[in-house]
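Values below: every heavy atom of this structure, side chains too, minus hydrogens, waters and symmetry copies. Residue numbers start from 1 in every chain, and the chains themselves are labelled A, B, ... in the order their sequence lines are given, proteins ahead of strands.
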Amino acid sequence: DAGVIQSPRHEVTEMGQEVTLRCKPISGHNSLFWYRQTMMRGLELLIYFNNNVPIDDSGMPEDRFSAKMPNASFSTLKIQPSEPRDSAVYFCASSLRWRPGNTIYFGEGSWLTVV
Amino acid sequence: GIQVEQSPPDLILQEGANSTLRCNFSDSVNNLQWFHQNPWGQLINLFYIPSGTKQNGRLSATTVATERYSLLYISSSQTTDSGVYFCAVEGSNYKLTFGKGTLLTVNP
């Protein structure tokens, strides 16, 4: 299996620009998660989807952040407009079925720098 | 929400030494996983272990769910074991909450 695939791996953008991060979950997995990792806050869950439907977006920091999952094999996390404090590593993860006890697998992350 | 505490926060070992990392959590859990984040940032699954004991090569893990803790054992450590070890737990709200991690440095 190819694992969770994220793109881009690295992005440097200017403050105010729109950023779109992409994720392809493991085939057959129907739960998808977006996490953000910073030195100050560690790994935080931003949003998760089950069967392409957003279940909990309470971790999304503010309205500048939005996430979509138009089909089972693709999700995006968008930041518009971006700010320097959004600089972080953004991880996408997936698991099989939304029930307690499923192993979650992470992508390699998208390293975002906003200058 | 559920609280996850890991100890120690930092650990420096000489190659060949053994170590034990601890994870305490504040509530009953449906899922507990140990991850290794390597120096390149990749998060690698080590164990899915909501209870009991598992072993994989030089690594083993034990979770005592009734006492709300888990231990990760690393034996005969190697430089490639360096990185951050995270414990993550899933409570009744189905969210996987991470601890702050243990930064392990193994020196040759």
(message) Please classify the contact of A:Ile104 with chain B as side chain, backbone, both or neither, using a heavy-atom distance under 4.5 Å.
(response) both
(request) Name all residues meeting the side chain to side chain donor-acceptor pair (under 3.5 Å) criterion together with A:Asn52; count only those two or more places apart in sequence or in a different chain, and write none if there are none. (result) none
(message) Using 0.5 Å steps for rounding, measure from the OG atom of A:Ser95 to the CD atom of B:Glu90.
(response) 8.0 Å
(request) Provide the closest heavy-atom pair for B:Phe98 versus A:Tyr35 in the form atom of the first, atom of the second, distance. (result) CE1-CE2, 3.7 Å
(message) Once rounded to the nearest 0.5 Å, what's the spacing between atom CZ of A:Phe33 and atom CG of B:Leu96?
(response) 7.5 Å
(request) State the CD-CZ distance between B:Gln42 and A:Phe91, to the nearest 0.5 angstrom. (result) 9.0 Å
(message) Taking A:Phe49 as the starting point, is it possible to reach A:Tyr90 by hopping between hydrophobic residues whose side chains are less than 4.5 Å apart?
(response) yes
(request) Calculate, to the nearest 0.5 Å, the distance between atoms CD and CG belonging to B:Gln37 and A:Leu43 respectively. (result) 6.5 Å
(message) Looking at A:Asn71, I'd like to know if its CG atom is crowded, meaning that more than 12 non-hydrogen atoms belonging to other residues, nucleotides or ligands lie closer than 6.0 Å.
(response) yes
(message) If you count heavy atoms of other groups shown closer than 6.0 angstrom to CZ of A:Arg9, is the number above 12?
(response) yes
(message) Would you compute the distance between atom CD of A:Glu108 and atom CG of B:Asn38 and round it to the nearest 0.5 angstrom?
(response) 9.0 Å
(message) Counting only heavy atoms not in A:Glu14 (residues, nucleotides, ligands), do more than 12 fall under 6.0 Å from its CD?
(response) no
(request) For atom CD of B:Glu5, decide whether the heavy atoms of other residues, nucleotides or ligands shown that lie under 6.0 angstrom number more than 12. (result) no
(request) Could you pull out the closest heavy-atom pair between B:Asn45 and A:Tyr105, with the gap in Å? (result) ND2-CD2, 3.0 Å
(message) What part of A:Gln37 gets within 4.5 angstrom of chain B, counting heavy atoms only: side chain, backbone, both, or neither?
(response) side chain
